[in-house]
Amino acid sequence: MEKSYSRQTDLKWQQKWHETELYKFNVDRIDDKLYCLEMFSYPSGSQLHIGHWYNYGLTDSWARFKRMQGYEVFEPMGFDAFGLPAENYAIKTGIHPKTSTDNNIKTMQQQLRSMGAMFDWDYELATCDLSYYRWTQWLFLQLYKSGLAYRSDAPVNWCPSCQTVLANEQVVSGQCERCDSEIVRKDMNQWFFRITKYADELLADLDSLDWPSRTIAAQKNWIGKSVGAELTFFVSDSELSFTVFTTRADTLLGASYVVLAPEHKLVEIITTPGQSAAVQEYQLQARKQSEIERLATDKEKTGVFTGAYAIHPITNEEIPIWIADYVLASYGTGAVMAVPAHDTRDFEFAKRFNLPIPRVIKAKDGSDDSLPYTDYGIMVNSGQFNGLSSEEGKKAVVEKLAETDAGKFSVNYRLRDWLVSRQRYWGAPIPMIHCDKCGIVPVPESDLPVELPFDVDYKPKGKAPLTTNESFYYTTCPTCGEPAKRDPDTLDTFVDSSWYFLRFPDSNNELEPWNRQLINKMLPVDKYVGGPEHACMHLLYARFITKAFRDMGYLDFDEPFLSLTHQGIILGPDGKRMSKSKGNTILPDSYIEEHGSDVLRLFLAFGYAYTEGGPWDEKGIKAVARFVERVERLVKHVNQLKKTASKVTTEVGKAEKDLNYVRHYAIKGVTQDAERMQYNTCVSRMMELTNALYKYDLNTEVKNVQLMIDCIRDLMLIMAPFAPHFTEEMWHQSGYEYSIFNQRWPKYDEAALVLDTIEIAVQINGKIKTKLDVDTSLNKAELEKLALSEPQVIKFIGDKSVVKVIVVPKRLINIVVK
RNA sequence: GCCGAGGUGGCGAAAUUGGCAGACGCACCAGACUCAAAAUCUGGCGUGGUUUACCCCACGUGAGGGUUCGAGUCCCUCCCUCGGCACCA
């Protein structure tokens, strides 16, 4: 047999789909819309790799499945085109980022088209296009206007290799997310987005989302809510006071000293002359520490006594004030009350410096008298609070202090504001102007875009490259008209990607970033598919931007992505992550050339649990190629039978019923499993139906050809989302009307799934002893009677007596004997 | 340490959510076709024991307990792997 599926088939149908505009989104059907989105591509130097196929190809299969179910599917594609890799490549090779990015986009467009996905290219966007980033700048201005973008002096994360600051989210255990360089802390004046304003809502709304639990957990961890109280301590012999944050107000009576962060503002004021040399030395040491040193949790506690004392707010006793680097200036109030008996860190510190360790909580059942004791318990040695549980005490102590304004309930978040400025070239310029007279002035919206100049020396020098382009950098103040300077920093690329899903449905709108009525209908995104590595970056930022623009009145929904799936990672054949340096990279191109793109797509569907991924397997792709050929032979064989079979029947006997059962079982299985993106079992069901058809053909002399035709028609339909070119070709060869993707998804018939007889298991005391073919029409009592009269069963029961019989229709009968 | 996801044949994996563990496929073994090979087709394939064979028996989802007529699935205690957070008060 001449094979009729190949790479040529792909190209032929891609051409036809393109000419007939088959996948063009029809806005008139917006009420049936389904927004299916894959995380857009980063056009790096290399080409589409297996990971892209795994993400885009199989999400496209899901989208096609939805299309056949009658949805008007919106599946756009674009490019996250600003960013460091293009710039670093430029520094290395001298090729301008714009040149290399434009080239890469062209290559990737080509490759994405060759995948044969339904992407509607009319909506394509690239974040580095002026038509896109002018609206990114607009976004910035709106955030600025509403107080959500602000400039501040703060200790920031500086990557000495990338020569730029980074957001907290881009620092991974003290190292740069991109280049693994050790991060340095620097005090700099930078732009921030006030994401912390939404901390509580970002946390609370997580529970309403159909997202993987690990991603929800990661965001919860990252936001890091802690509920507690702020308590005020006065400095002895002074009017000065400071507050501490604690989640364990019930342990207040056990506070035997307090600790300020070395950077705490009060330190200079309260330190006694005798201690000032030691304190200054310690502050200097703390500042010099690298991020990695500071994060080490196993190092010995260090600290210095300030010489000053605080007044305990309940006992009025004097307790010493220390400084130590285990207290972070950036969290809570930068000061803690130390309760060494009930906190492991305070305990270590107190041991080291011989500070008192009074116990004020005992275990509820009195069983644990070891220290430190960090669980909840009963308050002891706490005067009027004695006998209260920790839970009660946490309230009672704060309420007591509140009487004198020395305490209030309070919530703290680990989440920090999002640092968005970068001292790099290849990004959207920040639309702000620095004027000596007027201060920081926003660029008027009518002056947007602030165009990124082409002619810039982008080699890193520790300051923003845009300062080297004088005609960009030097400008006039829009307020007073005097000479002024543009902000030379560019926006974090995560700003670009934090709103692209809002732009897609209206990506050609030149008057506004999006039309409100339109996106209120098009969004939220119904299904979002991409890697899990964005859990606390892109996925968090996008939620923040959505909520912020909702509050500004530009859109009416609360969350951007209702349902999220993370595809797994396809590893190299060696089981390691694919990388050029390891030489274990698998490129899709040669497989597509050899087998056609559908074989690759089907293999990715069949070979892995979608959310798990796994090592590349050369043999697997052969197996799937074999399956595709097997289907092709079958289609051709039956099309032949249609014309030439001399002896046919329309009767439906046992063999026909069995075949029809497999057919409807397959339809049902694929319908359910495709819905939840469990693609491997979808392909299994198709294989079973194929096998059943072969078996029927082989074992049946006089065939019900019409049934075979119907089965194969359904097989082509359920296979279509996973092998779009192949099935379109088979559909065509079978004489059906173009296109298979305009067909409705087949429905399964529950009646066909009920067989006349079924094999059920018979257990004695829960162990399977035999199996019976029974009529499915039998009721429970009849089944029980039948089982008990079965010779095998009688033999097993022997002289024991039957205590109980459990009958589960269509499954099993369990006879309990004693 | 806290949070999340996992641990099932030689391998990739399934299991209608408490009801026949291992579907589907890979690899392997045997057979058919063939001069031969490839391709294709048919059958076998968790482990151990027993048996000439058909059969039969026992064991089996990381380990150990428990609930239940019945547990891969629920509960408790551990072990291991991966991911997130972490001197966060």
Side-chain angles (χ1 to χ4, degrees), chain A residues 1 172-173 212-226 228 244-248 251 258-259 261 294-299 301-302 324-328 330-339 342-346 348-349 374 412-415 532-533 535-536 566 603 606-609 611-615 617-624 626-627 629-630 633 665 668-669 672-673 678 680-688 690-691 694-695 698 753 759-771 803-817:
Chain A
M1 180 194 75
V172 180
S173 46
S213 52
R214 61 172 159 156
T215 306
I216 290 180
Q219 286 208 0
K220 282 185 177 173
N221 281 339
W222 188 258
I223 295 167
K225 181 178 185 172
S226 12
V244 302
F245 176 74
T246 180
T247 54
R248 291 297 302 272
T251 64
V258 292
V259 189
R294 198 183 63 80
L295 287 170
T297 52
D298 51 355
K299 69 177 181 186
K301 293 279 177 291
T302 58
D325 64 3
Y326 80 88
V327 175
L328 309 177
S330 52
Y331 185 77
T333 59
V336 303
M337 64 179 204
V339 185
H342 305 293
D343 179 282
T344 42
R345 294 150 304 177
D346 299 342
E348 282 172 42
F349 192 85
T374 56
N412 251 299
Y413 296 93
R414 214 195 62 87
L415 183 71
E533 65 275 13
C536 296
H566 297 309
F603 165 63
F606 180 61
Y608 306 88
T611 56
E612 299 296 316
D617 177 18
E618 189 75 29
K619 284 176 187 142
I621 200 152
K622 296 248 159 62
V624 169
R626 194 147 53 202
F627 168 62
E629 283 169 32
R630 213 166 129 79
R633 280 198 304 273
Y665 183 76
K668 185 178 182 178
Q672 289 176 345
D673 292 347
Q678 187 171 295
N680 52 354
T681 47
C682 290
V683 181
S684 295
R685 297 294 90 81
M686 297 169 205
M687 288 172 166
E688 283 165 359
T690 307
N691 291 346
Y694 268 96
K695 200 173 154 193
L698 185 77
L753 292 170
E759 189 190 63
I760 64 166
V762 181
Q763 301 180 328
I764 308 281
N765 287 345
K767 302 246 178 209
I768 290 159
K769 294 298 177 188
T770 187
K771 290 171 186 185
V803 178
K804 196 170 164 187
V805 180
I806 288 125
V807 181
V808 184
K810 293 183 195 167
R811 303 242 184 276
L812 52 70
I813 297 165
N814 188 10
I815 300 163
V816 187
V817 299

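All of these numbers come straight from a predicted model, not from anything done at the bench. Below, read A as the first sequence line, B as the second, and so on, with proteins coming before strands; counting in each chain starts at 1.
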Let's see if you can work this out: which of B/A14, B/G19, B/A23 has an atom nearest to the side-chain heavy atoms of A/A609? B/A14
Please pick, from B/C24, B/A58, B/A89, the nucleotide with the shortest atom-to-atom distance to any side-chain atom of A/S684. B/C24
How would you list, by chain and number, every residue that makes a side-chain contact (heavy atoms from CB on, under 4.5 Å) with A/I768, sequence neighbours excluded? A/A761, A/Q763, A/K771
Could you state the NZ-C1' distance from A/K668 to B/A23, rounded to the nearest angstrom? 16 Å
Separation of the P atoms in B/G62 and B/A58, to the nearest angstrom: 23 Å
Set of salt bridge (Lys or Arg N to Asp or Glu O under 4.0 Å) partners for A/K769, sequence neighbours left out: none
Among B/A58, B/A89, B/G19, the one nearest any side-chain atom of A/V808 is B/G19
Between B/G12 and B/G22, how far apart are the C1' atoms? Round to whole Å, please. 13 Å
Restricting to side-chain contact (heavy atoms from CB on, under 4.5 Å), what partner residues turn up for A/D673, sequence neighbours left out? A/R676, A/Q678, A/T681, A/C682, A/R685
For the side chain of A/Y608 and the backbone of A/P615, is there at least one donor-acceptor N/O pair under 3.5 Å apart? yes
Minimum heavy-atom distance A/D617-A/F603, with the two atoms named: O-CZ, 3.6 Å
Which part of the nucleic acid, if any, lies within reach of A/Q672 when heavy atoms closer than 4.0 Å are counted: base, sugar-phosphate only, or nothing? nothing
Whole angstrom is fine here: how far is it from CD in A/E533 over to C1' in B/C82? 15 Å
Have a look at A/V327 and say if it touches a base, only the backbone sugar-phosphate, or nothing, with a 4.0 Å heavy-atom cut-off. base
Residues that A/R630 engages under side-chain contact (heavy atoms from CB on, under 4.5 Å), provided they are two or more places apart: A/R633, A/T690, A/N691, A/Y694
Which of these nucleotides, B/A89, B/C87, B/C24, is closest to any side-chain atom of A/Y326? B/C87
Given B/A89, B/A15, B/C24, the nucleotide with the shortest approach to the side chain of A/Q678: B/A15
Closest of B/A23, B/G25, B/G84 to the A/A218 side chain is B/G84
P-based separation of B/C11 from B/G48 [nearest Å]: 14 Å
Taking atom OH of A/Y331 as the centre, report whether more than 12 heavy atoms of other residues, nucleotides or ligands fall under 6.0 Å from it. yes
Taking all heavy atoms of A/I760 and all of A/K810, pick out the closest pair and write down the distance. CG2-C, 3.8 Å
Does B/C41 have OP1 or OP2 under 4.0 Å away from a side-chain N or O of A/R633? yes
CG of A/N814 to CG of A/N765: how many Å apart, nearest 0.5 Å? 7.0 Å
Donor-acceptor pair, side chain of A/N412 and main chain of A/S226, under 3.5 angstrom: no
Just to verify, what does A/R248 make a salt bridge (Lys or Arg N to Asp or Glu O under 4.0 Å) with, not counting sequence neighbours? A/D250
Using whole Å, what does the distance between atom P of nucleotide B/G83 and atom CD1 of A/I216 come to? 20 Å
Could you measure between the two P atoms, the one in B/C74 and the one in B/G25, and give it in whole Å? 29 Å
Less than 3.5 Å between a donor and an acceptor, one on the side chain of A/R414 and one on the base of B/A86, is that the case here? no
Counting primed atoms, P, OP1 and OP2 as sugar-phosphate and everything else as base, the B/S/- map of nucleotides 1-9 of chain B against protein heavy atoms under 4.0 Å is --BSS----
For nucleotides B/A27 and B/A5, find the distance between their C1' atoms and express it as a whole number of Å. 30 Å
What's the separation between atom CD1 in A/I806 and atom CZ in A/R811, rounded to the nearest 0.5 Å? 15.5 Å
Just the rounded figure in Å: distance from P of B/A14 to CD of A/E688. 14 Å
Closest to side chain of A/D325, choosing from B/A89, B/C87, B/C20: B/C87
Would you indicate what A/F606 reaches in the nucleic acid, counting non-hydrogen atoms under 4.0 angstrom: base, sugar-phosphate, or nothing? base
Can you list everything that forms a ring pair (Phe, Tyr, Trp, His ring centres under 6.0 Å) with A/Y326? Sequence neighbours excluded, please. A/F349
A/K767 NZ to B/G60 P: how many Å, rounded? 7 Å
Extract from the structure each pairing of a protein N or O with an N or O of nucleotides 26-29 of chain B at less than 3.5 Å, listing the distance.
from  : atom 1 : to     : atom 2 : distance (Å)
B/C26 : OP1    : A/R626 : NH2    : 2.7

Could you go over nucleotides 64-70 of chain B and give all protein N or O partners under 3.5 Å, atom names and distances?
from  : atom 1 : to     : atom 2 : distance (Å)
B/C69 : O2'    : A/N814 : ND2    : 3.1
B/C69 : O2     : A/N814 : ND2    : 2.5

Please name all residues satisfying salt bridge (Lys or Arg N to Asp or Glu O under 4.0 Å) with A/D343, sequence neighbours left out, ordered by chain then number. A/R345
How many whole angstroms separate atom CG of A/N680 from atom C1' of B/G22? 14 Å
Can you tell me how far P of B/A38 sits from NZ of A/K622, to the nearest Å? 15 Å
Taking the same atom, P, in B/C26 and in B/C85, what whole-Å distance lies between them? 41 Å
Length of the line joining A/I768:CD1 and B/A58:C1', which is rounded to integer Å: 14 Å
A/A535: what forms a side-chain contact (heavy atoms from CB on, under 4.5 Å) with it, not counting sequence neighbours? A/T215, A/A218
Would you mind telling me which of A/T374, A/V339, A/D346 makes a side-chain contact (heavy atoms from CB on, under 4.5 Å) with A/T251? A/V339
Reckon A/Y608 has a side-chain N or O less than 4.0 Å from the OP1 or OP2 of B/A13? no
Comparing A/N691 and A/A335 on RNA chain B - which has the more 5′ nearest nucleotide: A/N691
Is the shortest side-chain N/O distance from A/T681 to OP1 or OP2 of B/A23 below 4.0 Å? no
Under a 90° cut-off about 0 for the syn range, is B/G9 syn or anti? syn
Base-pair string, RNA chain B, Watson-Crick plus G-U, cut-off 3.5 Å on both distances, | for inter-strand, is (((((((..(((......[....))).(((((.......))))).((((......))))..(((((..]....))))))))))))....
Taking syn as any angle within 90 degrees of 0 and anti as the rest, which one fits B/U52? anti
